[in-house]
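Worth saying up front: this structure is predicted, and the values here are computed from it rather than measured. Letters A, B, ... mirror the listed sequences (proteins, then strands); counts begin at 1.
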Amino acid sequence: MRVLTGSKPTRTLRALMLGTMLSTVLISGAHAEKVLRNGNDGEPQSMDPHYVSTVQTSRLTDDMYLNLMTRGPKGEAIPGAAESWTISPDGLVYTFKIRNHTWSDGVPVTANDFAYSFRRLLDPASGTEYASLLYIIKGAEEFNKGKAKAEDVGLKVVDDRTLEVTLTAPAPYFLSQLAHQTAAPVPKHVIEKFGKDWTKPENIVVNGPFKLTEWVPNVHAKLVKNDKFYDAANVRLDTVYYYTYEDRTAMQKRFRAGELDVVRDIASEQIDWLKANMKDELRIVPYAGIYDYALNTTKKPFDDIRVRRAMALLVDNEAITDKVLKTGELPAYSYVPPGTGNYTAPATVDWKGKPYAARVEEAKKLLADAGYSKDKPLKFTLRYNTSENHKRIAIAVSAMWKQAGIEAELFNTEGKIHYADLKQKNFEVAREGWIADYDDPQNFLFKMEGKTGPLNYSGYNNPEFNALLDKAALMTDLTARAEVLKQAEALVMRDVPVIPIYYYVSKQLISPKVVGWVDNTPDKHPSRFMDIKQ
Amino acid sequence: MTRYILKRLLGAIPLMLIVIAVAFFMMRIAPGGPFDSERALPPEIEQNIKAAYDLDKPLVQQFGIYLWKVVHGDFGPSIKIRDFSVAELIASGAPASIQLGLSAILLALMIGVTLGTLSALRQNTAADYAVMGVAMTGIVIPNFVMAPLLSLVVGVYWELLPTSGWGSGELKYKVLPIIALSLPQIAYISRLTRGSMLEVLNSNFVRTARAKGLRDHLVVIRHALKAGLLPVVSYLGPATAAVTTGSVVIETIFAVPGIGTYFIKAALNRDYPLVMGVVIVYGALIISLNLLVDVLYGLLDPKLRSNR
């Protein structure tokens, strides 16, 4: 097996290191190495943050790179490489003051590094999945789509420590976006030297609290403390391991045997056992995501609001969360999960709180109005991607529909086929989900915008809704903006192009030895704020 | 013999080409691509990414590019695990799979042949029934039941060995996966051995050997086993190829960093270059092991030697 490690130190260096280690031990008594062992539910994709699209990978890169904005102990966006900033009165120009700090090789981090990194993420030749994250920057979308040049992007390096960013619209979520894993700075001088190999442990250079020293595919990645990190004095862990586990049960067993301190996902089918035997370790926390069924509004009969409303009315959300899932998920009556930033309480469907029996009656009436009856039942295919839970929910929902005479045929495919068909609107009703990239209602509602493209699976295109989102995009008053967005969400809840089913929760096991773990909705837990009891 | 081996090796080239072509085009015919996910990409971005991987070119041209690269030893980059090339991933995973696989097959061979022979010698006694009963259970209980059980009992309850993981490749991490891998093989090999030994023990040349007054254990070891092992040897070719390229089940349950998981994961991820890489490795292994088996056959069976 090839273990990717840093180059071997020379003999003198090794002797020196040994000497230093010995003297440290003698002076400080026994400073035991502090190690945090994470069970990560997926293999990392890359240590190059611009190519990271899975949360499992972002856990590592978030520990290694310090964005302009970064994540605090509660998962909130806090100042990172930017020590301060000013925003122009029209909300369009952000001027960031870069903190005086260096890369792990001692080279200073400058405004140029950020300008380079943002342009690299946007460069069409880079082929990055998340380029659209920065489309809010002036000229960014045009550059990424090959219609403008890199210089046209609204990034201006005023001096080494000052970066000016111009936006197309006053987006209050811009700062939160900057904490996203793909908005990370990357070291130009290292990339130019090593090319694609710059992320190999022997080459990688970072500006965050930890640095990669070893990555064995499908086993683990090892990060060690970066002594050049600006706040290294307050980083208590020496080493952080991320062990890859595709199998939740195996990961859980390893936790039970005391070989892992943190497990980032549980085997849901063992929830009863976990609740009974590991209730102190088990953490079930609301997570910024929605699980729903998309109705293809571009196809008959789902272009008929009566049909869509009837289908939504019949879904008994509580029965699904309490009897089918049983893992603490909350029934969803809105599309934007409660607790989302820059928002008030979300707009809900109008039947929230109405007795289920009455909902069934209303649904039957709507279906009759739309021309469906026992002799002419509503028939369609409900598609879901492979997963035990998706299957159980699909069975439950089709049974709920059945009582009003709706005949849904279940159709299961693996994920790639599922989403390829959804993208091409090759479906009638399908399971989908969405997890927020940044903390703002816009990050949910944009999915229903007419101009969104393939990601708008339901094909919802309501001019009134589109206009409200356009209006909100230009607003700087957060309270008024939240109100406009809520009006927009209310339209979605009236028209139900998607049927909200439940809000996601994160399900994890945390050992009592772990100090500094704060449950939070973005589910971000930077190792920089963690400690471990020996 | 050398001519025979050379001929077989030459024949392997068109065979490998067919394997590569079939795998390449079947993979591409499958709907869904490497960049389809819950978060559908804007068309322009998807286009940029496809261009970065040459996936925007006509399929036949892509196949040509791929073949050209493979001939030059370049298996391309992995799409899903971007920081590694396919060759690096296979080089990093193959040793674990091969170590586990070879150990498991050797263990299975030793135990399986011994048990099978004992059974055959004590045909229809309690010992025979016991061994065959256990063997049947071994075949019937699938790996995905046996492996988690082993891990739970030995790792969690008894705390004797790690439940899973690989560490730095220490022996303690390998014991459970080897046992789990070898159990079905032991079962299968012991049944094969028993069957063919029974036949051989009743054949004329064994009777002759016995009539000459040769001692029983010499009859078995020197004469019967040599012939009795033929079916086991032919089974060993494909079995070794299958076991050394890693078992998805075992690797997932024990978190073993082998290449077995790539067969499934890479296919599900539509990580085209990685799928092709493991297919080529598996194909080459099967072809060479089958050749080895045929050579061994020749050594064991004089009737075959004269025909070549």
Should R270(B) and E414(A) be marked as a side chain to side chain contact (heavy atoms under 4.5 Å, CB included) after you check the CA-CA gap, both sets of side-chain angles, and the distance that decides it?
-> CA-CA 11 Å; R270(B) 303 288 190 277; E414(A) 47 129 334; 2.6 Å; yes
Where does Y243(A) contact chain B at under 4.5 Å (heavy atoms): side chain, backbone, both or neither?
-> neither
When N456(A), D48(A), D247(A) are compared by non-hydrogen pairs under 4.5 Å with chain B, the top option = D247(A)
For S164(B), is it the side chain, the backbone, both or neither that has a heavy atom under 4.5 Å from a heavy atom of chain A?
-> both
Under a 4.5 Å heavy-atom cutoff, which of P42(B), P77(B), P34(B), A30(B) has the most pairs with chain A?
-> P34(B)
Selection from E129(A), M47(A), E43(A), E432(A) maximising heavy-atom pairs under 4.5 Å formed with chain B | E129(A)
How many angstroms lie between OG in S37(B) and CG in L455(A), if you round to the nearest 0.5 Å?
-> 8.5 Å
Between R256(A) and chain B, which part of the residue has a heavy atom less than 4.5 Å away: side chain, backbone, both or neither?
-> side chain
Whatever's closer than 4.5 Å to a heavy atom in chain B on F255(A) counts as neither
What's the shortest heavy-atom distance between Y245(A) and A255(B), and which atoms?
-> CE2-CB, 3.5 Å
Under 4.5 Å between any side-chain heavy atoms of W434(A) and E38(B), yes or no?
-> no
Which of S53(A), G453(A), P454(A) touches chain B most, by non-hydrogen pairs under 4.5 Å | P454(A)
Of the listed residues (G146(A), G433(A), G258(A), A131(A)), which shares the most heavy-atom pairs with chain B below a 4.5 Å separation?
-> G433(A)
Please state whether the side chain, the backbone, both or neither of T128(A) comes within less than 4.5 Å of a heavy atom of chain B.
-> backbone
Check for a donor-acceptor pair, side chain of D36(B) on one end and backbone N or O of Y419(A) on the other, with a separation under 3.5 Å.
-> no
Heavy-atom nearest pair, P257(B) first then P217(A), reads CB-O, 3.7 Å
For the residue pair R39(B) and D437(A), establish whether any side-chain heavy-atom pair is separated by less than 4.5 Å.
-> yes
Tell me, side chain or backbone of K447(A) under 4.5 Å from chain B's heavy atoms, or both, or neither?
-> neither
Could you give the distance from CZ (R254(A)) to CZ (F254(B)), rounded to the nearest 0.5 Å?
-> 12.5 Å
Would you mind checking which part of I253(B) comes under 4.5 Å of any heavy atom in chain A, side chain (CB onward), backbone (N, CA, C, O), both or neither?
-> both
Is the OH atom of Y135(A) crowded by more than 12 outside heavy atoms at less than 6.0 Å?
-> yes
Do any N or O atoms from the side chain of K416(A) and from the backbone of P31(B) form a donor-acceptor pair under 3.5 angstrom?
-> no
Show me, pair by pair, the donor-acceptor contacts under 3.5 angstrom made by side chains of residues 144-160 of chain B, not counting sequence neighbours?
unit_1, atom_1, unit_2, atom_2, d
S151(B), OG, K253(A), NZ, 3.3
S151(B), OG, T163(B), O, 3.2

Would you please test Q47(B) and K145(A) for side chain to side chain contact (heavy atoms under 4.5 Å, CB included) and show each step?
-> CA-CA 9 Å; Q47(B) 191 50 40; K145(A) 292 181 173 172; over 6 Å; no
If you tally heavy-atom pairs under 4.5 Å against chain B, which of A257(A), P124(A), G415(A) wins?
-> P124(A)
Apply side chain to side chain contact (heavy atoms under 4.5 Å, CB included) to I81(B) and W215(A), showing your working.
-> CA-CA 12 Å; I81(B) 312 177; W215(A) 181 6; 3.9 Å; yes
Compute whether any side-chain donor of one residue and acceptor of the other, for N218(A) and Y262(B), lie under 3.5 angstrom apart.
-> yes
Which is it for T261(B) and E246(A) under the side chain to side chain contact (heavy atoms under 4.5 Å, CB included) test, yes or no, and what are the steps along the way?
-> CA-CA 10 Å; T261(B) 30; E246(A) 298 288 340; 5.8 Å; no
For chain A, find which of I45(B), I79(B), I98(B), N269(B) contributes the most heavy-atom pairs closer than 4.5 angstrom.
-> I45(B)
Separation between NZ of K147(A) and CD of E44(B), rounded to the nearest 0.5 Å = 5.5 Å
Heavy-atom pairs under 4.5 Å with chain A, option from G258(B), A52(B), P162(B) with the top count = P162(B)
What part of Q45(A) gets closer than 4.5 Å to chain B, counting heavy atoms only: side chain, backbone, both or neither?
-> both
Segment of R248(A) engaging chain B (4.5 angstrom heavy-atom cut-off) = neither
Report the distance from atom OG of S126(A) to atom CG of N48(B), rounding to the nearest 0.5 Å.
-> 9.0 Å
Name the region of K50(B), side chain, backbone, both or neither, that has any atom closer than 4.5 Å to a heavy atom of chain A.
-> neither
